[in-house]
Amino acid sequence: MRTRLIVVFSILLLFLTTSVFAYTLEDAQSVADRANSTVETLIASAEKTAEVLTENYKKLAETFKDSEYLLSLLEENYNRTIYILGTGLAETAFRISSAAIDKIAMMGYRAECYYVSITLGNQVFQIDPIIIIDD
């Protein structure tokens with residue numbers, strides 16, 4: 001819930017910060033920096049969550065090491081939870097980056113996503129911060 005509020009607030013800030021008709025490259029870079037900062041915060045939060053999930057998974061796996069059935073259920077739930085965490089992060093980052101790219105385009109500049117790999121638990125996800133293309 002807190003993550004959704006941060007995302008909604010960030011997107012609103014991206015659209016409500018325009019007040020002048022002439023924009024500089026620094027203005028566009030500021031929009032990109034704010035979006036990337038929000039994405040970095042979300043990544044850090046997801047990494048901490050994944051770390052706690054992984055620690056708990058390992059503790060429980062040790063507890064249930066004698067039961068193949070319980071281990072398989074635990075592993076399935078762990079993998080599903082990490083997947084949900086990672087895809088949620090990727091989707092939220094994409095929405096933030098898209099809003100920033102649209103805002104930057106409205107300012108007369110071009111920005112693109114570039115992908116970085118983020119490992120959460122035992123899975124890798126592609127997250128897309130943005131950069132300004134200075135033509």
Side-chain angles (χ1 to χ4, degrees):
M1 181 67 175
R2 190 174 98 198
T3 302
R4 287 184 185 175
L5 289 174
I6 291 172
V7 170
V8 170
F9 183 70
S10 297
I11 291 173
L12 285 174
L13 280 176
L14 289 173
F15 286 112
L16 296 176
T17 56
T18 59
S19 61
V20 182
F21 292 113
Y23 298 102
T24 65
L25 181 60
E26 290 78 25
D27 295 331
Q29 186 63 53
S30 176
V31 171
D33 290 344
R34 283 194 312 260
N36 287 339
S37 176
T38 301
V39 169
E40 288 172 13
T41 300
L42 293 172
I43 290 170
S45 176
E47 287 175 333
K48 287 178 186 175
T49 301
E51 186 177 308
V52 170
L53 288 169
T54 301
E55 289 172 10
N56 290 338
Y57 166 73
K58 289 178 180 179
K59 288 177 187 174
L60 287 170
E62 184 63 32
T63 303
F64 298 131
K65 66 183 174 186
D66 296 330
S67 173
E68 262 186 61
Y69 175 72
L70 291 177
L71 276 175
S72 68
L73 284 178
L74 178 63
E75 183 176 3
E76 181 182 326
N77 285 329
Y78 170 73
N79 288 332
R80 185 179 319 121
T81 303
I82 292 293
Y83 177 79
I84 290 168
L85 178 65
T87 55
L89 171 64
E91 290 169 2
T92 302
F94 177 77
R95 285 195 303 268
I96 291 169
S97 295
S98 293
I101 288 170
D102 291 345
K103 170 78 173 164
I104 291 165
M106 185 185 78
M107 298 169 87
Y109 294 93
R110 198 170 120 227
E112 292 181 352
C113 290
Y114 65 96
Y115 292 92
V116 294
S117 296
I118 303 297
T119 301
L120 300 175
N122 60 353
Q123 299 174 38
V124 177
F125 299 91
Q126 297 293 313
I127 309 300
D128 49 354
I130 59 175
I131 57 172
I132 303 290
I133 308 299
D134 187 16
D135 292 334

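As a basis for the values below, the full set of heavy atoms in this structure was taken, side chains included, without hydrogen atoms, waters or symmetry mates. Not measured: the values here are computed from a predicted model.
In terms of hydrophobic clustering, with Ile, Leu, Val, Met, Phe, Trp and Tyr side chains grouped at heavy-atom distances under 4.5 Å, L42 and I84 are assigned to different clusters. In the hydrophobic clustering of this structure, V116 groups with L85; members are Ile, Leu, Val, Met, Phe, Trp, Tyr whose side-chain heavy atoms approach within less than 4.5 Å, directly or through other members. In the hydrophobic clustering of ILVMFWY residues, with side-chain heavy atoms under 4.5 Å counting as a link, I118 and Y115 come out apart. Transitive grouping of hydrophobic side chains (ILVMFWY, heavy atoms separated by less than 4.5 Å) brings L53 and L70 into a common cluster. Using a 4.5 Å cut-off between side-chain heavy atoms of Ile, Leu, Val, Met, Phe, Trp and Tyr, with links allowed through other members, I43 and I131 fall into the same hydrophobic cluster.
The aromatic rings of Y83 and F125 sit tilted, their planes meeting at an angle between 30° and 60°.
Without hydrogens or angle criteria, S30 side chain to E26 main chain gives no donor-acceptor distance under 3.5 Å. With hydrogens and angles ignored, the 3.5 Å screen pairs a side-chain donor or acceptor of S98 with a backbone N or O of F94. Under the 3.5 Å distance criterion, the side-chain polar atoms of S37 are left unmatched by any main-chain donor or acceptor of D33. Under the 3.5 Å distance criterion, the side-chain polar atoms of S97 are left unmatched by any main-chain donor or acceptor of C113.
Heavy atoms only, all atoms of each residue included: L71 and A61 are closest at CD2-O, 3.5 Å.
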Discussion item. Y109 vs D27, test: side-chain contact (heavy atoms from CB on, under 4.5 Å). Steps then yes/no.
Written reply: CA-CA 10 Å; Y109 294 93; D27 295 331; over 6 Å; no

Item to complete: Walk me through it: do T38 and R34 pass the test side-chain contact (heavy atoms from CB on, under 4.5 Å)?
Response: CA-CA 6 Å; T38 301; R34 283 194 312 260; 5.5 Å; no

Practice prompt. List the steps and the verdict of side-chain contact (heavy atoms from CB on, under 4.5 Å) for E47 and L120.
Written response: CA-CA 6 Å; E47 287 175 333; L120 300 175; 3.9 Å; yes

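For E62 and K65, the salt-bridge test passes: some basic side-chain N is under 4.0 Å from an acidic carboxylate O.
Within 6.0 Å of the OH atom in Y69, the count of heavy atoms belonging to other residues, nucleotides or ligands does not exceed 12.
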